[in-house]
Each structure stands twice: as structure tokens, then as C-alpha cells.
Amino acid sequence: MDKSNGLRVILFPLPLQGCISPMLQLANILHSRGFSITVVHTRFNAPKASSHPLFTFLEIPDGLSETQIKDDPTSNVLSLVEQININAESPFRDCLQKLLVQESERVSCLIDDCGWLFTQSVAESLNLPRLVLSTFKATFLNAYPIFPRILTKGYFSLSDWEAEDSVLEFPPLLKRDHSWLFREDGEKLNQFFDTVVKNTMRSSGLLFMSCEELEKDSLTLAKETFMVPVFAIGPFHSYFSASSSSLFRQDDTCIHWLDNQDDKSVIYVSLGSVVNITKTEFLEIAWGLSNSKQCFLWVLRPGLVLGAEWNELFSEGLLRSLEEKGKIVKWSPQEEVLAHRAVGGFLTHNGWNSTLESICEGVPMICLPGGSDQMLNARFVSDVWRVGIHLEGKIERKEIEKAVRMLMVESEGKKIRERMNVMKDEVGRSVKNGGSSLRSIETLVNHILSL
Ligand SMILES: Cc1cn([C@H]2C[C@H](O)[C@@H](COP(=O)(O)OP(=O)(O)O[C@H]3O[C@H](CO)[C@@H](O)[C@H](O)[C@H]3O)O2)c(=O)[nH]c1=O
Ligand SMILES: C[C@@H](CO)CCNc1ncnc2nc[nH]c12
């Protein structure tokens, strides 16, 4: 670890697993460059301070009641983000004000999630520079300013069969992806995106957990769109594991189970921390996996299936046939799983973190996006990079069985795997000596020092 440079950076993640992990990776990167780190966080989904002894953690109230927390507010991300944006504003302002007075080191800047709507104004009122972290692919954030145009085109109401062709405004998205993109109220989203865009344009810089090897053009476009310095500083998974920021207890028994499986024989199945599926979809996935006759490791997160606690929907017969070939856990150490020699494929919802982790470990994917940026990530994986198979929203046992077999045993799968190996090496170079992300971090550090 480098020695301290006498400066402190304040970080403030959104309280979602997919936002906390990249923020703590950023914390590790900046700490390794000599910055002291304070992480301000809500009580809800508080990161585990004990996993990060090098950083200072400060909790602020978020106004969520015990009943709201018990009902799992992450089941509607936009409502949650709206609610905590209202509740956390004044506690955050108080906390930041106190910090700036009490802190013995000079505070260089605030870096927080693009989903916080009040932090730009708070930082300005305290004369503190603010940088923005987007936990999405840059292509997705670039779509925020053109959202009103997309909205008026009416793609959202198209039904699947009308919508095979691509969207001029937002490649490589297909029109049919749009009905899924945002299942929320368009006007509400419009306002949200508009605020994010305006705040980002007032900020001192924009950070992405991404790299030039993945999206050079989108990064250039982001610079032009938001007119602030842009830094692509990832993917750093092989250096600072995202799993160390896990909010839930990881079931490590799956690693021992993987140890007993053949090389590249297991399909890992996980839909991330917020996506929900219906009971019917859940059973179709279960039968699809079982009928594929391939080994699988399935993260069945409590709360994943709407209206179910955990695995009570399995009949005894189905459970028995699942257990022949599979292992089911509530939460996995995902990066360790993807890095395991026995894992040969990843059936994923294509959250940006999962997508990056899969690329870093060279694991080809089956894409089952659940909405928002996942629709876009999935198109890149299947249609642009061609390192995965898209289920096209068909959560049907036959389709799942077909895709699993195609990826794991057929010659098409072999080609996809070869392309993924090439991509893994390319993207891996970004964080090695002389790589684009390492250079970007150097520029970022100098930028922060100049603020
Ligand atoms: C289910 C499961 C997840 N994880 C980790 C892997 C990832 O680092 C992280 C999940 O992040 P993501 O793959 O981005 O997915 P998710 O939780 O849905 O993330 C949200 O935030 C992401 C980043 O903004 C978005 O790209 C997604 O669309 C959004 O839904 O949690 C585990 O370590 N073990 C697990 O069992
Ligand atoms: C409807 C969503 C757009 O997908 C906006 C609020 N959600 C979010 N806003 C900002 N960062 C996020 N990281 C994960 N979810 C996020």
C-alpha cells in the first residue's frame, strides 16, 4: 500500500448491492493511491464495515420503516431510489457539513452514485467538488438525455412480434427490448433522468466501472454529452473482489461442490440481487435446467420468486431430479464461482457487475435480462460481442434446455467460448501495466489533486 497523501475522499453509494460493490472497488483504488476514505451510507443495506478495515464508515438515517425494510424495498428500484432521495437529503447534508469541520485531513471531493439527486447541490453549497460514479455501462447513461425522444417514439407499447428491428436512437437495442426497458411510469422516469443529466453536467467528472476495450465510442460520446472529464477505471475485479462487499452471507459449500465437478461442466445460474420472477417462470427455469441434463449451480435468492419465501414451490419429484445434477444456494461467492475451473457457463440477468465478472473470468453467458440497463448489456453480449446466447425473453423450459445444451455441449458453444477467451484477454489488459484503465486512474488521481 502506498503511503498516505494527506487527502480524504468521501464516498456515498446508493444502498443496492450492484452499486455498493463498484463504489468499494473505487475506494480500494483510491486508497492504494494514498487517499484516506470515508464511506457515508444509509442504514438500509449498510455495507459491512468489518470487511473493509482500511476505511471509515459513517451511517446516516434513511427514514425507511422496519415494515418497509421487511417488505424488501429493492423489489421496485425506482420507488426505492425516489424514496431515499427524499429521506436522506437533510441527514446527508448535516453529516457532510460536520465532516468538513471536524476532519483533520483536507477533503478533496465527494464521489457518489449518479442515482443520488441532491448531492450535487449539497456539495456546491459547501464548496466541495463532486464526481459522479455510474455503475452502468456508459452506453446506458448516454441514453438518459435522449430518453424524451425515445419516449415519444412509442416503442414502449410495441408488442414483441412488431419489434424485430433495431432502434435508430439507441443501438444495439432492438425495438422489442423497449417494452421491457423501463416498466415504470414514463413521465416519472423522464424527470428522474433529466435531473441525473443536469447534475452530472454540473459535476467535476464522471467515472465508469468500464474500460476503452469495452466501449471506447460510448466513453467518447459520454465526454461530449456531459461535457465533463470522463474516467473509465475498471474492471478491477481481479484485484479488489466485489464479493468482499457482499451484503448477504455467502454459502461457501458450493465451492466444495464445484471441486467435485469436471472442468467447464457446470452452468452457474443467478439473476442478481433485485430482479424478480413469477412462480411460472421459476418452474420453467427449474425444469429447463433439469431437462438439460447438465450440472448446475443455482442461486435461489429468498425473495427472487414473487409470492414465495424460498424453495417451497418445488414438488418432491422436481426437487429430487434437481438434486441429481444440481446445487441450490441462497447467495454465492460469485466471483470465486465464476473463476472456478468447473464453471463453463453463466445464465445471468446481465446486471453490469455480473456481466463484467463473467467477462473477467472468461465465462460465456446465457442472457435473461429483467429490465433497465440489463436489456442493453444483454444485446452487447449476444449481438455485438457474440459471447453469449440470448433467450429473447422466452422463459420456457424447452428454450432454456436448448440454450444450456447449445452453450455447454454443442459446437456453437465452443465458438462462443473461443470468442469469450479472446475478449477476456483484451479486457484484462486494461488493468495491467500500461493498460487503458490504469492510465485513466493516473489521470483521475491528478484530476482530484487539482480540484
Ligand atoms: C446473486 C448474487 C450476486 N452476487 C454479486 C455479484 C455482483 O457483483 C452483484 C450483483 O450485481 P449485478 O450483477 O450488477 O446485478 P444487480 O444486483 O441486479 O444490480 C443492479 O445494479 C447494477 C449496477 O447499477 C445494474 O447493472 C443492474 O441492472 C441493477 O439491477 O452481487 C454475489 O456475489 N452472489 C450472489 O449470489
Ligand atoms: C430505473 C432505474 C434505471 O435503471 C433508475 C434508478 N436506478 C438506479 N439509478 C442509479 N444507479 C443505479 N444502479 C442500479 N440502479 C440504479
Side-chain angles (χ1 to χ4, degrees), residues 13-26 45 47-48 51 72 74-78 80-81 112-116 132-141 143-144 177 180-184 196 207-210 234-238 240-255 268-277 297-304 327-340 343 346-361 363 365 367-378 380-381:
L14 267 189
L16 294 168
Q17 179 71 73
C19 301
I20 290 170
S21 306
M23 190 63 89
L24 285 166
Q25 284 178 322
L26 172 65
N45 270 354
K48 285 207 186 79
S51 313
D72 188 10
T74 54
S75 60
N76 185 333
V77 173
L78 186 65
L80 170 68
V81 171
D112 65 87
D113 196 287
C114 63
W116 286 120
V132 180
L133 174 68
S134 161
T135 56
F136 302 129
K137 190 177 191 300
T139 323
F140 190 72
L141 202 71
Y144 278 32
D177 294 327
W180 277 82
L181 195 54
F182 301 112
R183 279 176 286 182
E184 288 92 359
V196 172
L207 281 62
F208 290 101
M209 256 320 147
S210 191
F236 257 90
H237 297 79
S238 39
F240 306 113
S241 126
S243 308
S244 65
S245 309
S246 215
L247 296 171
F248 309 97
R249 227 208 9 234
Q250 300 173 342
D251 184 342
D252 293 319
T253 60
C254 58
I255 300 296
Y268 171 59
V269 184
S270 159
L271 300 181
S273 68
V274 298
V275 164
N276 294 114
I277 53 175
L297 169 60
W298 188 3
V299 178
L300 184 49
R301 188 188 85 236
L304 168 72
K327 165 97 179 155
I328 296 171
V329 296
K330 292 185 175 165
W331 190 264
S332 80
Q334 179 161 303
E335 286 195 68
E336 242 183 288
V337 168
L338 289 171
H340 199 285
V343 171
F346 183 9
L347 197 167
T348 172
H349 73 310
N350 287 114
W352 186 233
N353 296 287
S354 291
T355 305
L356 284 178
E357 287 157 23
S358 207
I359 295 171
C360 287
E361 301 305 339
V363 179
M365 290 170 251
C367 307
L368 187 51
S372 84
D373 66 320
Q374 298 153 26
M375 306 311 290
L376 182 78
N377 301 336
F380 270 92
V381 167

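Atoms within a ligand are numbered from 1 in the order they appear, just like the ligands themselves. Since we're looking at a predicted model, the values are computed, not measured.
- Within the listing of ligand 1, atoms 18 (O), 30 (O) sit less than 4.0 angstrom from a heavy atom of Val274.
- Across all their heavy atoms, Arg301 and Val275 have their closest contact at NH2-O, 2.9 Å.
- Using a 4.0 Å cut-off to heavy atoms of Thr135, the atoms of ligand 1 that qualify are 23 (C), 24 (O).
- Here Glu357 has side-chain heavy atoms under 4.0 Å from ligand 1, and that is the only part of it that gets that close.
- Between Phe140 and Leu376 the shortest heavy-atom distance is N-CD2, 3.6 Å.
- In terms of polar-atom proximity, Gln374 is counted as a contact of ligand 1, with an N or O under 3.5 Å from an N or O of the ligand.
- Near Ser273, with a cut-off below 4.0 Å to any heavy atom, the atoms of ligand 1 are 16 (P), 17 (O), 18 (O).
- The contact set between ligand 1 and Ser270, taken as ligand atoms under 4.0 Å from a residue heavy atom, comprises 1 (C).
- Arg301 does not count as a contact of ligand 1, since none of its heavy atoms falls under 4.0 Å from the ligand.
- Near Ser332, with a cut-off below 4.0 Å to any heavy atom, the atoms of ligand 1 are 32 (C), 33 (O), 34 (N), 35 (C), 36 (O).
- Scanning all heavy atoms of the two residues, the minimum distance from Ser273 to Thr74 falls at O-OG1, 4.4 Å.
- Ligand 1 has no N or O atom lying under 3.5 Å from any N or O atom of Ser21, backbone or side chain.
- Between Gly351, Cys19, Ser354, Pro22, it is Ser354 that holds the heavy atom closest to atom 13 (O) of ligand 1.
- The atoms of ligand 1 that sit less than 4.0 Å from any heavy atom of Val299 are 1 (C), 36 (O).
- Residues passing the salt bridge (Lys or Arg N to Asp or Glu O under 4.0 Å) test with Lys137, sequence neighbours excluded: Glu215.
- For ligand 1, the atoms closer than 4.0 angstrom to any heavy atom of Asp373 are 25 (C), 26 (O), 27 (C), 28 (O).
- Side-chain atoms of Ser134 do not come within 3.5 Å of backbone N or O of Phe208 as any donor-acceptor pair.
- At under 3.5 Å, a nitrogen or oxygen of Asn353, whether backbone or side chain, sits near a nitrogen or oxygen of ligand 1.
- If you number the atoms of ligand 1 from 1 as listed, the ones under 4.0 Å from a heavy atom of Gln17 come out as 9 (C), 31 (O).
- Residues passing the side chain to side chain contact (heavy atoms under 4.5 Å, CB included) test with Ser246, sequence neighbours excluded: Gln17, Gln250, Trp331.
- Judged by distance alone, with hydrogens and angles left aside, the side-chain atoms of Asn276 form a donor-acceptor pair with the main-chain N or O of Gly303 at under 3.5 Å.
- Note that the CG atom of Asp113 and the CG atom of Leu16 stand 8.0 Å from one another [nearest 0.5 Å].
- Scanning both residues, Asp251 and Pro333, for their nearest heavy atoms gives O-CD, 3.7 Å.
- At least one heavy atom of His349 sits less than 4.0 Å from an atom of ligand 1.
- A donor and an acceptor atom, one from each side chain of Asn350 and Thr348, are nowhere located under 3.5 Å apart.
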